[in-house]
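We count residues from 1, following the sequence as given.
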Amino acid sequence: MSGFFRRVGAIPWRSIAGEAFSRAFLVAQAFCAVHVVDHHLCSLAIVRGPSMLPAMNLAGDVVAVDRVSVRLGRVEPGDVVLMISPEDPRKAVAKRVVGMGGDSVTYLVDPGNSDAAKTVVVPQGHVWVQGDNIYASRDSRQFGAVPYGLITGKIFCRVWPLEGFGSIDSNQSQ
């Protein structure tokens, strides 16, 4: 039995523990770097549903989201943004910015049933967002202007499906 303890005692435990700690610390650093990049610089998101047809697919697109532009105030009409839904804060939605604070926006009240239009002035610190498919989108026409703080990023590129890879058109008309 003393041979067993001699062999166990000969194992360089401090070296092994130091190496394990070093690798665990490296993994923790990698997770921190991924978190910072994903939440503060650029991330990927899946966008699905009919509200942004034809700019985005009904079945879903994987898009690249720029998180820096929003913090720098570089969001303007025509941009497609990812934002927290004002109706359900657990849900993220993609919409096109139609107006910024102080802008006058004219929109169809019920596009499927009438040509009645309404004009609103977007309050400061808010944006007016609409889906490209006005017949199948819940947007500012239903819930009003959205606080700028709900915008989490600006969508700048479709990543998947590959046949649609490329920038998202910011000049698409409503």
Closer than 3.5 angstrom, by distance alone: can the side chain of [X] be matched with the main-chain N or O of [Y] as a donor-acceptor pair?
| X | Y | answer |
| --- | --- | --- |
| Gln142 | Asp139 | yes |
| Asn133 | Leu53 | no |
| Ser69 | Lys154 | no |
| Arg96 | Asp132 | no |

Closest heavy-atom contact between [X] and [Y]?
| X | Y | value |
| --- | --- | --- |
| Gly153 | Val65 | CA-CG1, 3.5 Å |
| Lys95 | Gly131 | CD-N, 3.9 Å |
| Phe143 | Val129 | CE1-CG2, 4.5 Å |
| Val97 | Glu76 | CB-O, 3.8 Å |
| Pro77 | Gly99 | CG-CA, 4.4 Å |
| Pro123 | Ala145 | CD-CB, 3.7 Å |

Output every pair passing salt bridge (charged side-chain N to carboxylate O under 4.0 Å, His left out) with a member in residues 59-75, not counting sequence neighbours, ordered by first then second residue. Asp61-Arg158
Between [X] and [Y], is any pair of side-chain heavy atoms under 4.5 Å apart?
| X | Y | value |
| --- | --- | --- |
| Cys157 | Val63 | no |
| Val81 | Val75 | yes |
| Val120 | Ser104 | no |
| Met100 | Val122 | no |
| Phe156 | Asp79 | no |
| Val146 | His126 | no |

For a side chain to side chain contact (heavy atoms under 4.5 Å, CB included) check, start with the C-alpha distance between Val70 and Thr152, then their side-chain angles and the critical distance, and finish with the verdict. CA-CA 7 Å; Val70 174; Thr152 58; over 6 Å; no
Give a yes or no on whether Asp88 atom CG has more than 12 heavy-atom contacts from other residues, nucleotides or ligands under 6.0 Å away. yes
Neighbour count >12 (heavy atoms, 6.0 Å) for atom CG, Leu44: yes
Between Val121 and Asp103, is the side chain to side chain contact (heavy atoms under 4.5 Å, CB included) condition met? List the steps. CA-CA 6 Å; Val121 175; Asp103 291 350; over 6 Å; no
Residue that, paired with Val93, satisfies side chain to side chain contact (heavy atoms under 4.5 Å, CB included) out of Ser51, Ser137, Ser85: Ser85
Spatial distance of atom [atom1] ([X]) from atom [atom2] ([Y]) [nearest 0.5 Å]:
| X | Y | atom1 | atom2 | result |
| --- | --- | --- | --- | --- |
| Leu26 | Phe31 | CG | CZ | 11.0 Å |
| Leu108 | Asn113 | CG | CG | 11.5 Å |
| Asp110 | Lys118 | CG | NZ | 13.0 Å |
| Leu82 | Ile46 | CG | CD1 | 11.5 Å |

Please find out if less than 6.0 Å separates the ring center of Trp128 from that of Tyr107. yes
